[in-house]
Protein chains: 4
Amino acid sequence: MTTRERPRDTRARIQQVALDLFAEHGYEKTALREIAEKLGVTKAALYYHFKTKEDILVSIFTDSAEQIDELIEWARAQPPTVETRREVIRRYSGLMRGNRKLLQFMHENQPTLRDLPIGETMKHRMAGLFEVLTDDGQSLPDQLRGRLAVFAISFGTMVGMSDTKHSGDEVADAAVEVALDLIRE
Amino acid sequence: MTTRERPRDTRARIQQVALDLFAEHGYEKTALREIAEKLGVTKAALYYHFKTKEDILVSIFTDSAEQIDELIEWARAQPPTVETRREVIRRYSGLMRGNRKLLQFMHENQPTLRDLPIGETMKHRMAGLFEVLTDDGQSLPDQLRGRLAVFAISFGTMVGMSDTKHSGDEVADAAVEVALDLIRE
Amino acid sequence: MTTRERPRDTRARIQQVALDLFAEHGYEKTALREIAEKLGVTKAALYYHFKTKEDILVSIFTDSAEQIDELIEWARAQPPTVETRREVIRRYSGLMRGNRKLLQFMHENQPTLRDLPIGETMKHRMAGLFEVLTDDGQSLPDQLRGRLAVFAISFGTMVGMSDTKHSGDEVADAAVEVALDLIRE
Amino acid sequence: MTTRERPRDTRARIQQVALDLFAEHGYEKTALREIAEKLGVTKAALYYHFKTKEDILVSIFTDSAEQIDELIEWARAQPPTVETRREVIRRYSGLMRGNRKLLQFMHENQPTLRDLPIGETMKHRMAGLFEVLTDDGQSLPDQLRGRLAVFAISFGTMVGMSDTKHSGDEVADAAVEVALDLIRE
DNA sequence: GATGAATGAGGATTCATTCAT
DNA sequence: AATGAATGAATCCTCATTCAT
């Protein structure tokens, strides 16, 4: 008797493979056929676990989105000091390191997200993040710096992969340093 | 004699409409049918002016790419001082303001570009830009700052549109200020 | 001890729900999923009770078909008088009032039935009915009248539902009157 | 040089073949692939001429529907006498003889039509026809007779095909006789 | 300088059906 | 008596591309 391929957690495996391909080739260019083939199942199997292609994407976002929401909530409960904002940056970096692929997808598939309801949701979330990182009393450049800090984290976290000289975490750490420096009074 | 619809410069009009749609909805999701409809011509007409869909995209990039190449060439001919780098930032900002849509497209369609020859070309170009903005002697955070400066320009130039309180140019100017500040010794 | 959901007669409930949906949306457009959902069971459950989708349909027909067969047999055993034919009409009307949905299905899904063995069976049955209601000695219009009498019953029985001014039975009674009038020497 | 297959009137040929198949096997069961194959073209060719499968159906209805509308309009402009109604029946029969397949489709695909906008349209049309053939002063059986007269025409026109002893037109003529007899004061 | 008609490849989705549990 | 997971075949439809005119 041969050991059977574990028939469990197919749902989770679909999400993983899908995210990989969505991040690499883009949502539109990724055919469900590819996902299915890579998993050794039929296209129809995907439809057993998810209602639509979009649903796969949404399900991927939903989980990690919660974490960001919690971070924003936490920040709102704190005094709006520079130190709070710096802590937000640090925690955001921590969150993103575990979600590199999703991060990449978010940054590189804006047109897709713009046309999807989930995109609107993410847009609101990012707006919330920007809100806790800046305030209207700041100069325009400083407000830009606050927003750029978020991008610094993203950029550092994503770029790590393609750079051979430095490890992913080294780059991500450097990104935090740069980002913290962008948060001004 | 009836007044003729000016049939002039159809080629250029195709490029304009195409870029608009590519930037808004993404390259993959934009059908040639849409471009044709928006122009009031047939799909086949597009094929009179361009060999393929990809060719439309490439032709759009080619022109403005030259400007960047020239900027890089110019920078390489200068002494690698901070002031040179700052001037590169300033000139890059100037270039980009005239190419907002293309800039948006470049940032938001990475997966598409990754799969296309033109993407490889652009990647090299950006690498060149990074090269003149940083050097190996710098600390990792400072190298990141150099790269981030480019993104600051992009971000500032693109974001301008969706922000009501500040004009596009105000934001772009602020972005230059932030970017210049990111260029270190 | 908790009160059990009555698991009784699932088979019959499937037939009921299926007939409702088949009649309303047509056999082809009715998915087994819909039937299952409406019953609160799984598709697979349907397959415990019936071998195929077609089998559900056949099982629905089989029961009430017997009654028609008996009516035809009875008619054949009587003298072929006008009065016999009128009695057939009356009895047929009685039969159909208890099977409105099935009647509707039969009339509105001819293409489906034509492609299914059960359709051939029903066709023979109707031919038998026509046979006892007409004879070759009649004029062509009178033969048509005999056949039309059957449709008058069907029409009257089915239409009753959508007409608010008159009750279903009033219309069905009127249909009998019209049908009887169509049976000629 | 060989004589080319006439590349013209593809649109009309699609409608013809489609109606044949829709009438024979039903709308749902008829795959666009079948229509295309029967015509020796690609599925995509159908989509050049029609926007959707439903659109093919609608386009088929639209033409002959006009004729019925005109008939109803004409009837409404006449005095509501028995003779007017009888003339409506005669003209309706004439109309239907040229549209046997469409007539068959209408009668045998009610569930499909019920779910389609075009079905609602046809329902209104038939209601209009019934309106000019009956009036509220009549007894219920006589109102039913008026409606049944329409079905007599349909039935007679359609049945002709499957009956070998009598020609289609003989049966249709008989149907008119029966139908006229169903129109009462 | 452009169109009308068509193709071939491929997309997402749905369905009836199966089978081990 | 019924489910959970999956399949294979089919569906409608869209797209980039071609080519004779």
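Proteins come first, then strands; the chains are lettered A, B, ... in the order of their sequence lines, and each starts at number 1. Values below: all heavy atoms of this structure, side chains included; hydrogens, waters and symmetry mates excluded.
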Checking D:Lys29 against C:Tyr27: charged group under 6.0 Å from the ring centre and within 45 degrees of the axis?
-> no
Hey, does the side chain of B:Thr10 come within less than 4.0 Å of E:dG1's phosphate (OP1/OP2), counting only N and O?
-> no
Kindly give the heavy-atom pair with the smallest separation between D:Ala36 and D:Lys43, and that separation in Å.
-> CB-N, 3.7 Å
For C:Ile56 and E:dC15, give me the distance from atom CD1 to atom P, rounded to whole Å.
-> 14 Å
Between atom CZ in A:Arg11 and atom P in F:dA6, what is the gap in whole Å?
-> 12 Å
A:Leu39 CG to F:dA5 P, in whole Å, measures 15 Å
Take atom CG of B:Leu46 and atom P of F:dT18, then tell me their distance rounded to the nearest Å.
-> 13 Å
Indicate whether OP1 or OP2 belonging to F:dG4 is found under 4.0 Å from a side-chain N or O atom of A:His49.
-> no
Between atom CZ in A:Phe50 and atom P in E:dT14, what is the gap in whole Å?
-> 15 Å
In short, A:Leu102 meets A:Ser64 closest at the heavy-atom pair CD2-OG, 2.8 Å
Would one find a side-chain N or O of A:Tyr48 under 4.0 angstrom from OP1 or OP2 of F:dA5?
-> yes
How does DNA chain F look in dot-bracket notation if pairs are Watson-Crick or G-U with both distances under 3.5 Å, crossing ones as [ ], other-strand ones as |?
-> .||||||||||||||||||||
salt_bridge(D:Glu37, D:Arg33) N-O dist < 4.0 Å = yes
B:Glu108: which of A:Glu108, A:Arg114, A:His107 passes side chain to side chain contact (heavy atoms under 4.5 Å, CB included) | A:Arg114
Side chain proximity check, A:Leu113 to A:Gln110, heavy atoms < 4.5 angstrom | yes
The contact string for nucleotides 9-14 of chain F, one letter per nucleotide 5' to 3', using protein heavy atoms under 4.0 Å with B, S and - for base, sugar-phosphate only and none, comes out as --SBBB
A:Ile14 CD1 - F:dT7 C1' separation (whole Å) | 14 Å
Just list the side-chain donor-acceptor pairs under 3.5 Å for residues 54-62 of chain A, sequence neighbours left out, or say none.
from, atom 1, to, atom 2, distance (Å)
A:Asp55, OD2, A:Lys51, N, 3.3
A:Ser59, OG, A:Gln15, NE2, 2.7
A:Ser59, OG, A:Ile56, O, 2.8
A:Thr62, OG1, A:Val58, O, 2.6

Nearest-Å distance for atom pair CG/P, residues A:Leu21 and E:dG11 | 13 Å
Where C:Glu28 and D:Glu28 come nearest, the two heavy atoms and their spacing = CB-CB, 3.7 Å
Any chance you could measure D:Lys101, atom NZ, to D:Leu103, atom CG, to the nearest 0.5 Å?
-> 12.0 Å
Out of F:dT7, F:dT3, E:dA6, minimum distance to the side chain of C:Ala45 belongs to F:dT3
